Amino acid sequence: MFRPGPLIPGAFYARDADLVARDLLGQLLVDGAVALRITEVEAYGGPEDSASHARMGQTPRNQIMWGPGGHAYLYLCYGIHWMLNVVAGPLGQSSAVLIRACEPIAGLDTLLARRRKSRVAPDLLAGPGRVAQALALNGEFNGLALFRPGQLELRRGTPPDSIVAGPRVGIGYATTEDQSALRRFATGASRWVSRPKLC
DNA sequence: CGCCGGATTTAA
DNA sequence: TAAATCCGGCGA
């Protein structure tokens, strides 16, 4: 049976979003018997990020991004897929880290059922929509404190051996500078990452 | 108040 | 390669 590590304290998230993003690699998303190891993330926000939801200022949808770090920011994309973000940065910075891919650790039967798959394949958790579906997330999880036990939790895992960086995915509306910014991070040499591959 | 388009996935 | 499918944000 899987033994989860300790909860990650709230202070972990009160740092620059890129630092939090890199340090989230290898950590565990735990909900009941399900556990996922984070393998790929993207950092959003900070001063003047034209790719971030915070780019138009504070709105009803993105208000959670201005709150304290360590809370979940959920939003619906293309009317179909929920995206899981972890709020990061100092209070008022409005930044977050998008969870893009994970490695299955525990609760495989539940994961397969939620993803409507019969076998574990590399694409089981490769993509933000797939991660959220595997965790059965929706808008009701918006604002949830991930450093508190009970529902979805972030716990200590094993850091990656190496980290690779690249440009973020699906932000063609952003400035060319922000499109090319290396704010996408993945565990090196992992098969559990989304496309386009970073290495 | 109506329209536009998206931090995507899936199947054809 | 396109459809699925919903709502936030913006302009009228």
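Order of the sequence lines fixes the chain letters, A, B, ..., with proteins taken first and strands second; residue numbering starts at 1 for each chain. If you're wondering where the values come from, they're calculated on a predicted model, not measured in any experiment.
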Check: A:Gln133/A:Arg114 side-chain N/O donor and acceptor closer than 3.5 Å: no

For the pair A:Asp49 and A:Arg168, find out whether any cationic side-chain nitrogen is under 4.0 Å from an anionic carboxylate oxygen. yes

Walking along DNA chain C from 5' to 3', note the first and the last nucleotide with an atom under 4.0 Å from a heavy atom of chain A, and give both. C:dA4 to C:dC10

Ring center gap for A:His53 and A:Tyr44 short of 6.0 angstrom: no

Whichever of A:Gln133 and A:Gly79 has its nearest DNA chain B nucleotide further upstream toward 5': A:Gly79

From CZ of A:Arg130 over to C1' of B:dT8, roughly how many Å is that when rounded to an integer? 9 Å

Which ones in residues 100-117 of chain A lie close to DNA chain C, meaning a heavy atom under 4.0 Å from one of its atoms? none

Whole Å only: how far is the CG atom of A:Leu124 from the P atom of B:dT10? 10 Å

What interatomic distance, in whole Å, is found between P of C:dT1 and the corresponding atom of B:dA7? 22 Å

Counting heavy atoms from C-beta on, name the nucleotide in B:dT10, B:dA7, B:dG6 closest to the side chain of A:Leu98. B:dA7

With distance as the sole test, does A:Lys197 use its side chain to make a donor-acceptor pair with the main-chain N or O of A:Val193 at under 3.5 Å? yes

Examine the side chains of A:Arg37 and A:Thr158 and answer whether a donor and an acceptor come within less than 3.5 Å of each other. yes

Among residues at least two apart in sequence or on other chains, which ones pass ring-ring contact (aromatic ring centres under 6.0 Å, His included) with A:Phe147? A:His71

Do A:Glu103 and A:Thr39 have a side chain donor and acceptor closer than 3.5 Å? no

Steps toward side-chain contact (heavy atoms from CB on, under 4.5 Å) verdict (A:Leu24, A:Val86): CA-CA 9 Å; A:Leu24 276 175; A:Val86 180; 4.2 Å; yes

If you measure from the Lys or Arg side-chain nitrogens to the Asp or Glu carboxylate oxygens, is any gap between A:Asp18 and A:Arg183 under 4.0 Å? yes

Both atom distances under 3.5 Å, Watson-Crick or G-U wobble: I'd like the secondary structure of DNA chain B as a dot-bracket string, with | for pairs made across strands. ||||||.||||.

Where along residues 13-21 of chain A does a heavy atom fall under 4.0 Å from DNA chain B? none

Could you tell me whether A:Glu48 atom CD has more than 12 heavy atoms of other residues or ligands within 6.0 Å of it? no

Whole Å only: how far is the OH atom of A:Tyr44 from the C1' atom of B:dA7? 4 Å

Between CG on residue A:Leu146 and CD1 on residue A:Ile8, distance to nearest 0.5 Å: 9.0 Å

P atoms of B:dG2 and C:dT5, separation to the nearest Å: 23 Å

Determine, for A:Glu153 against A:Arg148, whether the closest basic-nitrogen to carboxylate-oxygen distance falls under 4.0 angstrom. no

Is there a residue in residues 54-72 of chain A whose heavy atoms reach under 4.0 Å of DNA chain B, and which residues are they? none

B:dT10, B:dG6, B:dT8: which one has an atom nearest the side-chain heavy atoms of A:Tyr173? B:dG6

Does the A:Asn62 side chain pair with the main chain of A:Gly57, one donor and one acceptor, at a distance under 3.5 Å? yes

